[in-house]
> 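Structure in structure tokens, see below.
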Amino acid sequence: MTDDNGAQWAGESSELRAARARMVETQLVPRGIACPRVLAAMGEVPRHEFVDPRLVGEAYSDHALPIGHGVTISQPYMVALMTERAAIKPGDRVLEIGAGSGYQSAVLAALGAEVFAIERIDALVAPARARLDRLGYGAQVHLRVGDGSLGWPENAPYAAILVAAAAPQIPQALIDELAPGGRLVIPVGTDAQELRLICRRASGKPSLQADGEGSRGFSEESLLPVRFVPLIGQG
Ligand code: SAM
């Protein structure tokens, strides 16, 4: 990066820089993304570095793009929405399931999080690692191959968990690994999917079911209908 607001990267064209700023102004702000820190992170991270070189011209378009192996880098608005609803604070430990290209990890790192990211497709992990290192986000992102539906218990609990693939139901491991006060953002469903925000109360049993007194340790909110690739795992 070459300037204080973090929006200009060495060697990037003024067209790409302008396209990234336009993405924020025309795709995110009008749809209600309002957190200045999230908007700044989306304006900072060079999404064009996370897509196939042949698709660089589409990197700031309003849709998901293929990243090979039958999976996609999510639409910028979806990344911004999930990040905003996860309410990331500097220093938060964040679990990310479905790291793909590494783009969402970079956005979380730009917000000051310590990111623990899991990706099931081995071939995506080394390129994601290389991009994150090259762009200066690498020290904040721990990235490994694996089945994220089983969580990453060694580093739990997490202040936030973001899942970028749709689960038929919410994996129990992710519930177990959410810190008190933590936020889980996850697409749920198979054909019809919805994005859900699950917040663990500061006190209360770590179960989505009501206990004997009818109290729940979590609140749950449906955010919007979505279409994600499936979460393929055992959890
Ligand atoms: N966040 C990614 C990015 O910024 O490029 C996009 C992710 S893509 C929409 C969803 C990813 O979830 C795919 O890369 C897919 O391989 C991965 N995935 C699916 N099931 C998984 C699992 N059980 N554990 C880890 N990753 C999984």
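As the structure lists them, so they are numbered: ligands from 1, and atoms in each ligand from 1. All values derive from a computational prediction rather than experimental measurement.
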> Quick check: does any side chain N or O of E84 sit under 3.5 Å from a backbone N or O of A34, one acting as donor and the other as acceptor?
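Checked: pair present.
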
> Among all protein heavy atoms, pick out the one at the shortest distance from atom 15 (C) of ligand 1; state its residue, atom name and that distance to 0.1 Å.
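Protein heavy atom at minimum distance: E119 OE2, 3.5 Å.
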
> Would D147 count as a polar contact of ligand 1, with the cut-off being nitrogen or oxygen pairs under 3.5 Å?
yes

> Check each of A166, G70, S101, G100 against atom 5 (O) of ligand 1 and report the one with the nearest heavy atom.
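Comparing heavy atoms across A166, G70, S101, G100, the nearest one to atom 5 (O) of ligand 1 lies in S101.
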
> Please answer whether the main-chain N or O of I198 pairs with a side-chain N or O of E220 as donor and acceptor at a distance below 3.5 Å.
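Pair absent, no side-chain N/O of E220 close to backbone of I198.
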
> May I ask you to list the atoms of ligand 1 that are less than 4.0 angstrom from any heavy atom of Y103?
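Every atom of ligand 1 under 4.0 Å from some heavy atom of Y103: 4 (O).
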
> Indicate, as side chain, backbone, both or neither, the part of P230 found under 4.0 angstrom from ligand 1 when only non-hydrogen atoms are considered.
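The backbone, only.
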
> Is I232 in polar range of ligand 1, meaning some N or O pair under 3.5 Å apart?
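Yes, at least one N or O pair falls under 3.5 Å.
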
> Polar contacts were defined as any N/O atom of the residue lying under 3.5 Å from an N/O atom of the ligand; does this apply to A164 and ligand 1?
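The answer is no, given that A164 and ligand 1 share no N or O pair closer than 3.5 Å.
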
> Please list, in number order, the atoms of ligand 1 under 4.0 Å from a heavy atom of I73.
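By the 4.0 Å cutoff, the relevant atoms are 5 (O).
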
> With heavy atoms of V229 as the reference, note each atom of ligand 1 found under 4.0 Å away.
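With V229 as reference, the close atoms of ligand 1 come out as 10 (C).
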
> So is E96 in contact with ligand 1, going by heavy-atom distances below 4.0 Å?
yes

> According to the interplanar angle, ranging from 0 to 90°, do the rings of F116 and W152 count as parallel (below 30°), tilted (30 to 60°) or perpendicular (above 60°)?
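Because their plane-to-plane angle is over 60°, the rings of F116 and W152 count as perpendicular.
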
> Kindly indicate whether the side chain of L195, heavy atoms from C-beta on, has any atom under 4.5 Å from the side chain of M78.
yes

> Distance to 0.1 Å, residue and atom name: give those for the protein heavy atom nearest to atom 4 (O) of ligand 1.
Q104 N, 3.1 Å

> Quick one: does any side-chain atom of R85 pair with a main-chain N or O of L81 as donor and acceptor, under 3.5 Å?
no

> Is a side-chain N or O of D92 found less than 3.5 angstrom from the main chain of V94, in a donor-acceptor match?
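Judged by distance alone, no pair lies under 3.5 Å.
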
> Measure from the side-chain N and O atoms of R22 to the backbone N and O of Y60, and report whether any donor-acceptor pair falls under 3.5 Å.
no

> May I have the step-by-step check of side chain to side chain donor-acceptor pair (under 3.5 Å) for S105 and Q140, ending in yes or no?
CA-CA 9 Å; S105 306; Q140 283 167 261; over 6 Å; no

> Do F218 and L178 come within less than 4.5 Å of each other through their side chains, counting heavy atoms only?
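Side-chain contact under 4.5 Å: yes.
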
> Is there a donor-acceptor pair under 3.5 Å between the side chain of R129 and the backbone N or O of G138?
yes

> Less than 4.5 Å apart, side chain to side chain, heavy atoms only: is that true for E12 and E49?
no

> If you measure from each non-hydrogen atom of A64 to ligand 1, which part falls under 4.0 Å: side chain, backbone, both or neither?
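Neither part.
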
> Under 4.0 Å from a heavy atom of I118: give me the atoms of ligand 1 that qualify, with their elements.
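Per the distance check, 25 (C), 26 (N).
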
> At what distance is the nearest protein heavy atom to atom 6 (C) of ligand 1, and which residue and atom is it?
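Protein heavy atom at minimum distance: T72 O, 3.2 Å.
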
> My understanding is that we take every heavy atom of each candidate and find the minimum distance to atom 12 (O) of ligand 1. Doing that for G146, S74, G98, which one comes out nearest?
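That would be G98.
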
> Checking a contact table here: which protein heavy atom is nearest atom 21 (C) of ligand 1, and how many Å away?
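Ranking protein heavy atoms by distance from atom 21 (C) of ligand 1, first comes R120 CD, 3.4 Å.
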
> Go through ligand 1 atom by atom and flag the ones less than 4.0 Å from a non-hydrogen atom of G148.
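Result: 22 (C), 23 (N), 24 (N), 25 (C).
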
> Any idea which atoms of ligand 1 are less than 4.0 Å away from a heavy-atom of I121?
16 (O)

